Amino acid sequence: RVGIRGLGANLTVSISLLKTLIAISEKGSFTAAAGQVHVSQAAVGQQMKRLEDMLGIALFDRSQKTPRLSPAGKDFVPKAVEVVAAYEALIHGATEEPSLAGEFSLGAVPSTLRGLVPRSAKRLVEAFPDLQIRVVPGLSDDLREQVERGALDAAITSKPEHMPKALQWQLFAREDLVLITAQDVTEADPLKLLRELPYIRHTRRAAAGGLADLWLSKNRINPRTSMEMESIETVSSMVANGLGISVVPNICVPDAVFSGLRKIPLSTKPMSRSLGILNRADSTKTAIVARLLDEIGAMIAEQKS
């Protein structure tokens, strides 16, 4: 059983120590955590020694060159997350606009990182100068896990196949699958193009890549795959340079490269990717999530006009 007998002496300092511990758990090392909490690596080490003294337990195994969380430390991290969340809820509850200041950690799938995320982040920080947004890229399943354990405040993801009770997901766009080609490709029949031209596959580990593979399978299409890419951005770049074609979601807020591609509708059994914002139901940042949804909705409407 872990006690927190020393935390009452100086709550603010203790919360800072817990945040550093959480950062180490997320980043995997003192060095990486130092960059996230904006202190030196030596200061991180001093803080963790102080926290261990306060708790009376060894949070780290220091037998190796790089300290690692001990079993007791791993058990304590979820408790630290709960304490920090409760503290932030208490502080935010005393202000008129509870979640429109401080740090907001946002996960995002790669296809949103060059258009939707930077543009919406710019709108938010212009409206709320005291808000600091930390963006973490990742695949939908990885981001869902980070939101679930409290490492991220929210994440822009595809719709989860299985929704844990602690989470909520709010839709903001449905992106139909399309066939993308370079501008100099004149053929308009997607099935003919898929039979004749090299196919650039988006990794099936990504939700969008899996959806494209499902569409191909359901329509009994076996394209001539020439390469496989980790993100829609790299797929788009290869297609733009005439190296092949691909089936991807028609990105709702595209970057310049994607905007310059031809998009051919898939008339045979079309499918779509659902994009939305995922956050914990008990999050203290619901106000900023709601405002982010508003900004994204406005951008998508502008894109269509």
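Just so it is clear, the model here is predicted, and its values are computed rather than measured.
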Test side chain to side chain donor-acceptor pair (under 3.5 Å) on Arg174 and Ser272 and set out the steps. CA-CA 6 Å; Arg174 286 190 176 89; Ser272 63; 5.2 Å; no
Would Arg144 and Leu278 count as a side chain to side chain contact (heavy atoms under 4.5 Å, CB included) here? Give the steps. CA-CA 7 Å; Arg144 177 194 53 75; Leu278 185 74; 3.8 Å; yes
Please lay out, stage by stage, how Ser237 and Thr234 fare under the test side chain to side chain donor-acceptor pair (under 3.5 Å). CA-CA 5 Å; Ser237 180; Thr234 51; over 6 Å; no
Using the rule that two of Ile, Leu, Val, Met, Phe, Trp, Tyr join whenever any of their side-chain heavy atoms come within less than 4.5 Å, decide whether [X] and [Y] are in one cluster.
| X | Y | value |
| --- | --- | --- |
| Leu211 | Leu194 | yes |
| Leu55 | Leu17 | yes |
| Leu143 | Leu139 | no |
| Leu106 | Trp169 | yes |

Ion pair check, [X] and [Y], cut-off under 4.0 Å:
| X | Y | result |
| --- | --- | --- |
| Glu230 | Arg205 | yes |
| Lys122 | Glu295 | no |
| Arg204 | Asp213 | yes |

Rounded to the nearest 0.5 Å, the NZ atom of Lys27 sits from the OG1 atom of Thr20 at a distance of 13.5 Å
Could you give the distance from CD1 (Ile296) to CZ (Arg291), rounded to the nearest 0.5 Å? 12.5 Å
Begin with the C-alpha distance, continue with both residues' side-chain angles, and end with the deciding distance and a verdict on side chain to side chain donor-acceptor pair (under 3.5 Å) for Ser70 and Asp61. CA-CA 5 Å; Ser70 66; Asp61 178 359; over 6 Å; no
Assess the residue pair Arg123 and Glu302 against the criterion (salt bridge (Lys or Arg N to Asp or Glu O under 4.0 Å)); give the C-alpha distance rounded to whole Å, side-chain angles, the decisive distance to 0.1 Å, and a yes or no. CA-CA 14 Å; Arg123 289 174 180 237; Glu302 290 171 5; 2.8 Å; yes
Result of checking Asp255, Ile251, Leu116, Val253 against Ser111 for side-chain contact (heavy atoms from CB on, under 4.5 Å):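 With Ser111 as partner, Asp255, Ile251, Leu116, Val253 yield a single side-chain contact (heavy atoms from CB on, under 4.5 Å), made by Ile251.
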Side-chain heavy-atom pair Arg134, Glu103 within 4.5 angstrom cut-off: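 They are in side-chain contact.
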Decide side chain to side chain contact (heavy atoms under 4.5 Å, CB included) for Gln132 and Phe104; before the verdict, give the C-alpha distance in whole Å, the side-chain angles of both, and the deciding distance to 0.1 Å. CA-CA 6 Å; Gln132 298 91 43; Phe104 179 70; over 6 Å; no
Please evaluate residues Arg149 and Val81 with respect to the criterion side chain to side chain contact (heavy atoms under 4.5 Å, CB included), reporting the C-alpha separation (whole Å), side-chain torsions for both, the decisive distance (0.1 Å), and the verdict. CA-CA 8 Å; Arg149 63 184 172 87; Val81 171; over 6 Å; no
Applying side chain to side chain contact (heavy atoms under 4.5 Å, CB included), run through Arg262 and Ile264 and close with a yes or a no. CA-CA 6 Å; Arg262 288 186 66 210; Ile264 301 174; 3.9 Å; yes
